[in-house]
Engineer: 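To start, I am sharing the structure in question, which I have written as structure tokens.
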2 protein chains.
Amino acid sequence: MNKKTITKPLDKFDRAILRIVQKDNKTPQRQIADIVHLSAAAVQRRIAAMEKSGIIKQNSAVLDVHAVDMNITAIVEVHLRDERIETVDLAKNLFKSTPEVQQCYYVTGGISFVLIIVTADVKAYEQITRRIFAQNDFIAKYRSLITLDRVKSGSEIVIP
Amino acid sequence: MNKKTITKPLDKFDRAILRIVQKDNKTPQRQIADIVHLSAAAVQRRIAAMEKSGIIKQNSAVLDVHAVDMNITAIVEVHLRDERIETVDLAKNLFKSTPEVQQCYYVTGGISFVLIIVTADVKAYEQITRRIFAQNDFIAKYRSLITLDRVKSGSEIVIP
DNA sequence: AATGAAATCCCAACGTG
DNA sequence: CACGTTGGGATTTCATT
């Protein structure tokens with residue numbers, strides 16, 4: 001299931017470019033070129049290559065959740081009834097296809113999944129939990145942690 | 001500390017635009033205009049306004065963590081020794097200023113904080129935990145959940 | 001809010017080390 | 001093979017109505 005992208009190791013320039021575009025991908029290529037000491041065309045080629053190879057997965061506008069009236073952020077620890085492969089895949093597909101589930105991690109340590117769910121209000125959150133957890137018998141139990149403060153929500157990766 | 005952005009309620013067009021640009025902010029404005037039935041100039045102005053008002057927090061290239069050799073993603077539940085405001089703020093600042101801590105949520109439900117930490121390997125992860133948790137006495141205990149699979153890692157918000 | 005002009009940016013082609 | 005330079009084409013931006 002993994003991308004069989006032949007990952008040509010990123011050199012110094014690629015990493016410098018990534019550090020910039022992950023903060024602001026609308027930075028003009030000319031300006032990037034200036035910073036990393038390359039021509040604009042070279043920057044363009046490298047970005048295109050990294051987009052094609054999947055190193056850059058997506059170019060997205062990051063929204064402020066409160067501004068779009070999504071006031072409930074919950075972290076949910078999910079325990080499956082068993083850890084058979086079919087059960088795990090069933091759960092993965094369920095979470096993947098549920099748009100309110102923003103993030104989903106399959107983890108070690110007793111818990112099976114950790115989800116991050118964002119909804120407009122508590123009512124919407126209750127509906128989601130009912131739809132997801134109560135109606136699927138392969139979920140043994142779950143625990144909701146409601147967020148009081150999104151201290152840090154960015155997704156910037158520290159490039160070595 | 002919160003942005004007191006005067007949230008002018010988003011209308012139908014704004015939401016339609018946001019749904020597009022959060023998936024791909026490099027979509028040509030002309031194409032956006034086509035979809036939402038507005039002129040390209042109108043789209044341009046609305047996007048600029050939403051960027052200025054903070055509804056669009058940033059425009060970023062989303063990287064594939066594995067491609068940039070960040071192979072450990074851990075979810076950490078942190079318990080503080082006490083819940084005094086000063087202690088909580090101390091912890092918040094610590095997590096905010098640690099770049100490996102990608103996400104940080106202050107939550108209800110017995111746990112104080114939930115962190116998402118991304119590092120290159122287990123060695124780097126151990127160093128981080130030692131630096132963060134062992135050296136700060138206001139942290140009572142913590143539990144690490146290592147992810148086996150990032151089933152869903154995007155941050156798309158479902159706009160009503 | 002729509003139109004058109006000017007500036008800017010992106011991208012392909014060519015030539016070089 | 002990757003870089004730099006150049007030029008055409010598209011896009012964003014701004015001024016005007």
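Keep in mind that what you see is a predicted model, and the values were worked out from it rather than measured. Chain letters run A, B, ... following the sequence lines, proteins first, then strands; residues in each count from 1.
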Engineer: To the nearest angstrom, how far is B/Asp11 atom CG from C/dA1 atom C1'?
Structural biologist: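 That distance rounds to 14 Å.
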Engineer: Are A/Val122 and A/Glu126 side-chain neighbours, meaning at least one heavy-atom pair lies under 4.5 Å?
Structural biologist: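 No, every pair of side-chain atoms sits at 4.5 Å or beyond.
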Engineer: I want to check one thing: is the phosphate of C/dC11, taken as OP1 and OP2, less than 4.0 Å away from some side-chain N or O of A/Gln44?
Structural biologist: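 Result: yes.
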Engineer: Please give, in whole Å, the distance from C/dC11 P to A/Lys52 NZ?
Structural biologist: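 A/Lys52 atom NZ is separated from C/dC11 atom P by 14 Å.
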Engineer: Can you tell me the distance, in whole Å, between the CZ atom of A/Phe13 and the C1' atom of D/dC3?
Structural biologist: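 Rounded to whole Å, this separation is 10 Å.
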Engineer: Once you round it to whole Å, what is the distance between C1' of D/dC3 and NZ of A/Lys12?
Structural biologist: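 So the NZ-C1' distance, A/Lys12 to D/dC3, works out to 16 Å.
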Engineer: Counting distance only, does the side-chain N/O of A/Asn93 pair as donor-acceptor with the main-chain N or O of A/Asp89 below 3.5 Å?
Structural biologist: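 Here the side-chain-to-backbone pair exists.
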Engineer: Let me know which of A/Leu94, A/Val118, A/Ile116, A/Leu115 forms a side-chain contact (heavy atoms from CB on, under 4.5 Å) with A/Val101.
Structural biologist: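 Among A/Leu94, A/Val118, A/Ile116, A/Leu115, the one meeting side-chain contact (heavy atoms from CB on, under 4.5 Å) with A/Val101 is A/Leu115.
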Engineer: Within the structure shown, what part of the strands sits under 4.0 Å from A/Leu38 by heavy-atom distance: base, sugar-phosphate, or nothing?
Structural biologist: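 Counting heavy atoms under 4.0 Å across all strands, the contact made by A/Leu38 is with sugar-phosphate only.
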Engineer: I need the CD1-P distance between A/Ile47 and D/dC3, as an integer number of Å.
Structural biologist: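 Rounding to the nearest Å, CD1 of A/Ile47 and P of D/dC3 are 13 Å apart.
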Engineer: Is the A/Phe95 ring parallel, tilted or perpendicular to the A/Phe113 ring (thresholds 30°, 60°)?
Structural biologist: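 Rings of A/Phe95 and A/Phe113: perpendicular, over 60°.
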Engineer: Would you mind listing every side chain to side chain donor-acceptor pair (under 3.5 Å) that reaches into residues 108-122 of chain A, with sequence neighbours excluded?
Structural biologist: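 Applying side chain to side chain donor-acceptor pair (under 3.5 Å) to every pair that reaches into residues 108-122 of chain A, excluding sequence neighbours, yields A/Glu83-A/Ser112.
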Engineer: For A/Ser39, report the nucleic acid contact type (base, sugar-phosphate, nothing); a contact means any heavy atom under 4.0 Å.
Structural biologist: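 Here A/Ser39 touches the bases of the nucleic acid.
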Engineer: Check each residue of residues 24-33 of chain A for a non-hydrogen atom within less than 4.0 Å of any atom in DNA chain C, then write out the ones that pass by number, or none.
Structural biologist: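 Close to the strand are A/Pro28, A/Gln29.
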Engineer: Describe the nucleic acid contact of A/Ala41 in one word from base, sugar-phosphate, nothing, applying a heavy-atom distance below 4.0 Å.
Structural biologist: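 Answer is base: heavy atoms of A/Ala41 come under 4.0 Å of a base.
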Engineer: Between D/dT13 atom P and B/Arg46 atom CZ, what is the distance in whole Å?
Structural biologist: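 Checked: the CZ to P distance equals 17 Å.
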Engineer: Can a salt bridge be assigned to the pair B/Asp69 and A/Arg15 using a cut-off of 4.0 Å between side-chain N and carboxylate O?
Structural biologist: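 The answer is no: the pair does not qualify as a salt bridge.
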